[in-house]
J.: 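Next up is a structure, given as structure tokens.
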Amino acid sequence: MPSAVKSPQTLYDKVFEDHIVEEKEDGTVLLYIDRHLVHEVTSPQAFEGLRNAGRKVRRPDCTLATVDHTSDTCQNIPTASRKNLTTTEKFIDEADSRTQCMTLEDNVKAFDLTYFGLDDKRQGIVHIIGPEQGFTLPGTTVVCGDSHTSTHGAFGALAFGIGTSEVEHVLATQTLITRRSKNMRVQVNGALAAGVSSKDIILHVIGIIGTAGGTGAVIEFCGSAIRELSMEARMSICNMSIEGGARAGMVAPDQITIDYLKGRPLAPKVDSPEWKKACNYWLGLRSDDGAKYDIEVNIDAKDIAPTVSWGTSPQDVVPITGVVPGPDDFEDEVKKQACERALKYMGLTAGTPMQEVQVDKVFIGSCTNARIEDLRAAARVVEGKKIASNIKRAMIVPGSGLVKRQAEAEGLNKIFSDAGFEWREAGCSMCLGMNPDILSPGERCASTSNRNFEGRQGAGGRTHLMSPVMAAAAAIVGNLADVRKLAPPTHASAKGSPKIELDAHVQDVDGDDELESIMDLPADSQSHPSSTNTAGATAGMPKFETLRGYAAPMDIANIDTDAIIPKQFLKTIKRSGLGSALFHAWRYEAGSNDENPDFVLNKEPWRQSKTLICTGPNFGCGSSREHAPWALLDFGIKCIIAPSFGDIFFNNTFKNGMLPIQITDTAALQRIAAEAKAGKEIEVDLVNQVVRDAEGSELAKFDVEQFRKHCLVNGLDDIGLTMSSVDKIETHEKKRTSVWPWLDGSGYLARHGKGPVKIEAKPVPKTNRGEVIGEPLEW
Ligand SMILES: CC(C)[C@H](C(=O)O)[C@@H](O)C(=O)O
Ligand code: SF4
């Protein structure tokens, strides 16, 4: 008999449990998703999948779309405003970006979704607009085809990035198939010193736990230093949980959360019965005393200094007062090698004081640090000063149209322009450089973004991560600089720091005119033949039983998805044809299409590789781009063996009929790597869960989740399986309406009507190729 007394639960446990539609004995969970954010880069293939299968979007009222990643490619002259915008088609010069944005316009129209387009002042980075609009609420599950969805966890939401196949799954079913994560607690206690902000906290934390420290876990950030932070500062912390390898980051909601949400267009109306009920529920969302965590990290706030990155991984950080480390500073052989490689790439010498490192460009923006508080803090540093003469370019890119307007109302743009910064339109911009704003090879950038991977901001570009005030200081000094020497001691993220004055805009968006602009797309955006011709169906997942072939050996740690497929190849609306772009920066000579003869996939027999074996940990970390497995698959690689994987990449491979195998036993891993290096074939036998050499002798056994194995071996379509559980989804939705009525849509979502769009259950599961596979199966 189940015990009447529930054991103490964590915040994560509570939110997770409130969203379980169905849980299997093997731990597979069908989880209800409350909020789905959609952007132009990771959605075209998902909508195409829906179309091909004749499916609808189940909850348009819980879906919000915008353009952000490629949005400011729209200007010939990057600083030009959108004043002359008539249609997206005419405005965007770059053909692939135009197609991507127009495809989203087509899709939101066809599927009746709320959309903030280029002409909408609420357009902006998806992780900035969700909270800004009150779309993100405490206790919700929030997903987006983007790894930094973790940002929304600052509200006590369970928010995580997903791949495009999962985007399609959520659009069709409003659920995801997942499993429970581990609980991890990071407590930061004490008072932050002057000049130290939430960005320093998270860089410091990642420096301690490493980029794989949170793998498989959801991090709860707590402690007095976190409680003191504003919502915007908490968002910067949760945003970078993914850089610590975690599935998500969370902060328990409190009065600061409630104050932030008051008056937001999509939050329940203040003083309504729903608002009161919601506040009660939200304030109950905290970990119980005695709740157990799988991993605990305790940090004293006074140990955190203004922090900067020196290498090519977000874990490569030092205090600004420190020096560039060298291989001798690391004990572990893998880390020594990674350090050597990073120093070479970054053009740095061990022992150099960080403050002597000269900078070429400065970027203040991104979903980590482009909110109004970030801009205010940076403006305080640069006010009345000029950027240093060696700075070739310094840019401020507000996170949303509303942030931009607010900053302009406060005169911040003038402060920045007077100092020599460019004042830009909202979007991701130089955070990943899907637009012309990139670093040239060898250029060094002080950046408030979240990723310093090789080539992240441009091939050969060198990124140093830091807080907005530190980036502002670097712009003024011309070197990486200690903001404490420049500005009056302050930290922007403290409780009580000025709140974005959204009230004017809130009234605005409630008005009728605004309602029109939410849904009405430019007249000529109805149908674009170029943008509807997305190749490939929803999947086409062949069965995976055994795989025999060459395995390409790689010995690099933390191979991120930016390295697997760089940003310039994300502008496609197809799943196919990415094989030639796989590992582009490593596979070809800089600036040409000539093959690098030393790269493993350019050598025989590994040109024919079907498997990739990586002895370094954390393969596929970083971005959620499903383009990474698509590129591997297109090249011919169906199986990846590594000691550990980035969570989202791991999921994405399964959704494409690929098999990621985790082998933590170093000896076994080395046995396989030795066969691979010798140019011998290996056999991966999924049915028997064993890897063999060419002669059939066992090299290693491996584990695989049984549900996933079942799907791979039978080539099953997840969405079809989930749709056979539609009655359970409906039951959850009824409970949701009665217990959490504010989640069914409020504000302008009312225009969609509340509740699900009727979908047909598919009682008989089929493969992705449409073959009926017998008796109805549960997912
Ligand atoms: C394009 C998108 C898939 C990607 C992500 O998931 O993170 C991007 O936002 C990034 O920062 O690299
Ligand atoms: S990390 Fe950069 S590219 Fe990715 S969503 Fe944030 S701002 Fe955009």
Side-chain angles (χ1 to χ4, degrees), residues 37-46 66-73 97 100 104 123-131 143-152 159-167 199 202 235-236 238-243 247-248 314 363-371 374 395 397-400 403 424-435 437-438 445 447-458 463 465 560-573 578 620-631 646-649 651-652:
L37 289 150
V38 173
H39 67 69
E40 78 279 21
V41 179
T42 53
S43 65
Q45 299 85 348
T66 193
V67 278
D68 54 4
H69 283 71
T70 52
S71 62
D72 67 347
T73 49
S97 300
Q100 218 163 39
L104 182 58
Q123 174 269 339
I125 306 174
V126 75
H127 310 307
I128 298 213
I129 65 164
V143 295
C144 174
D146 198 283
S147 53
H148 289 99
T149 310
S150 56
T151 312
H152 309 259
F160 52 93
I162 54 178
T164 297
S165 300
E166 290 183 318
V167 168
K199 181 66 164 282
I202 189 64
M235 283 186 240
S236 304
C238 290
N239 172 277
M240 287 191 72
S241 316
I242 185 77
E243 271 65 54
R247 194 89 182 91
F363 170 64
I364 298 183
S366 87
C367 56
T368 319
N369 282 124
R371 298 181 183 81
D374 298 316
M395 297 163 62
V397 185
S400 72
V403 170
R424 299 291 304 273
E425 295 289 337
C428 296
S429 184
M430 211 205 264
C431 171
L432 92 164
M434 276 186 81
N435 64 2
D437 300 332
I438 51 172
C445 182
S447 178
T448 65
S449 55
N450 42 42
R451 290 185 171 145
N452 52 348
F453 303 150
E454 287 182 20
R456 169 73 179 181
Q457 295 189 294
T463 303
L465 304 175
D560 56 76
T561 49
D562 277 69
I564 299 172
I565 180 99
K567 63 208 163 239
Q568 62 270 33
F569 302 104
L570 305 188
K571 292 185 187 176
T572 176
I573 56 170
L578 290 170
C621 58
S623 154
S624 66
R625 56 191 73 171
E626 200 163 313
H627 309 68
W630 295 337
D647 282 341
I648 309 177
F649 174 83
N651 264 337
N652 285 345

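Side chains included, hydrogens not; waters and symmetry mates left out as well; all remaining heavy atoms used. Note that the structure is predicted; figures quoted are calculated from it, not measured. Note that ligands are numbered from 1 as they come in the structure, with each ligand's atoms numbered from 1 the same way.
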J.: For Ser449, which residues count as a side chain to side chain donor-acceptor pair (under 3.5 Å) partner, sequence neighbours excluded?
T.: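 Per chain and number, Ser449 pairs via side chain to side chain donor-acceptor pair (under 3.5 Å) with Ser447.
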J.: Consider ligand 1: state whether an atom of it lies below 4.0 angstrom from any non-hydrogen atom of Arg451.
T.: yes
J.: Judged by non-hydrogen atoms, does Lys567 sit under 4.0 Å from ligand 1?
T.: no
J.: Kindly write out the residues that satisfy side-chain contact (heavy atoms from CB on, under 4.5 Å) with Ala46, not counting sequence neighbours, or none if the list is empty.
T.: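 Checked Ala46 against side-chain contact (heavy atoms from CB on, under 4.5 Å); matches are Thr164, Val167, Glu168, Leu171.
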J.: What atoms of ligand 2 come within less than 4.0 Å of a heavy atom belonging to Asp146?
T.: 5 (S)
J.: At a cut-off of 2.8 Å, list the protein N/O/S atoms near atom 2 (Fe) of ligand 2, residue plus atom name.
T.: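 N, O, S partners closer than 2.8 Å: Cys431 SG.
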J.: Identify the closest protein heavy atom to atom 7 (O) of ligand 1: which residue and atom is it, and at what distance?
T.: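 So the nearest neighbour among protein heavy atoms is Ser147 OG, 2.5 Å.
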J.: Does any N/O atom on Ser624 come nearer than 3.5 Å to any N/O atom on ligand 1?
T.: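 Min N/O separation from ligand 1 is below 3.5 Å for Ser624.
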J.: For Arg371, which residues count as a salt bridge (charged side-chain N to carboxylate O under 4.0 Å, His left out) partner, sequence neighbours excluded?
T.: none
J.: Pairs of nitrogen or oxygen atoms closer than 3.5 Å, one from Asp562 and one from ligand 1: do any exist?
T.: no
J.: CD1 of Ile202 to CG of Asn450: how many Å apart, nearest 0.5 Å?
T.: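 These two atoms lie 10.5 Å from each other.
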J.: Would you indicate whether the side-chain heavy atoms of Leu570 and Arg625 approach each other to under 4.5 Å?
T.: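 Heavy-atom side-chain distance check passes, below 4.5 Å.
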J.: What protein heavy atom sits nearest atom 4 (C) of ligand 1, and how far away is it?
T.: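 Going by distance alone, atom 4 (C) of ligand 1 is nearest to Ser623 OG, 3.3 Å.
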J.: Hey, does Ile564 have a side-chain heavy atom less than 4.5 Å from the side chain of Phe649?
T.: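 Touching, per the 4.5 Å side-chain cut-off.
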J.: Give the numbers and elements of all ligand 1 atoms closer than 4.0 Å to a heavy atom of Thr42.
T.: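 By the 4.0 Å cutoff, the relevant atoms are 3 (C).
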J.: Are any of the side-chain heavy atoms of Leu432 and Arg456 separated by less than 4.5 Å?
T.: yes
J.: Please determine, by modelled atom types, if Asp146 and His127 share a side-chain donor-acceptor pair under 3.5 angstrom.
T.: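 A pair is found: one side chain offers a donor N or O, the other an acceptor, under 3.5 Å apart.
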J.: Is a side-chain N or O of Ser236 found less than 3.5 angstrom from the main chain of Thr368, in a donor-acceptor match?
T.: yes
J.: Any Lys/Arg nitrogen of Arg424 or Asp437 sitting under 4.0 Å from an Asp/Glu carboxylate oxygen of the other?
T.: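 Salt bridge flag = yes for Asp437 with Arg424.
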J.: Purely on distance, is any nitrogen or oxygen of His69 under 3.5 Å from one on ligand 1?
T.: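 Yes - when backbone and side-chain N and O of His69 are compared with those of ligand 1, one distance drops under 3.5 Å.
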J.: Looking at side-chain heavy atoms only, is the closest gap between Gln123 and Val67 below 4.5 Å?
T.: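 In short, these two side chains touch, coming nearer than 4.5 Å.
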J.: Give a yes or no answer on whether the side chain of Ser150 reaches the backbone of Asn239 with a donor-acceptor pair at less than 3.5 Å.
T.: yes
J.: Within the structure, is a non-hydrogen atom of Arg456 found at a distance of less than 4.0 Å from ligand 2?
T.: yes
J.: What part of Arg456 sits under 4.0 Å from ligand 1 if we count only heavy atoms: the side chain, the backbone, both or neither?
T.: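 Within the 4.0 Å criterion, Arg456 contacts ligand 1 through side-chain atoms alone.
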J.: Side chain or backbone of Asp146 under 4.0 Å from ligand 1, or both, or neither, by non-hydrogen atoms?
T.: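 Under 4.0 Å from ligand 1, Asp146 contributes backbone and side-chain atoms.
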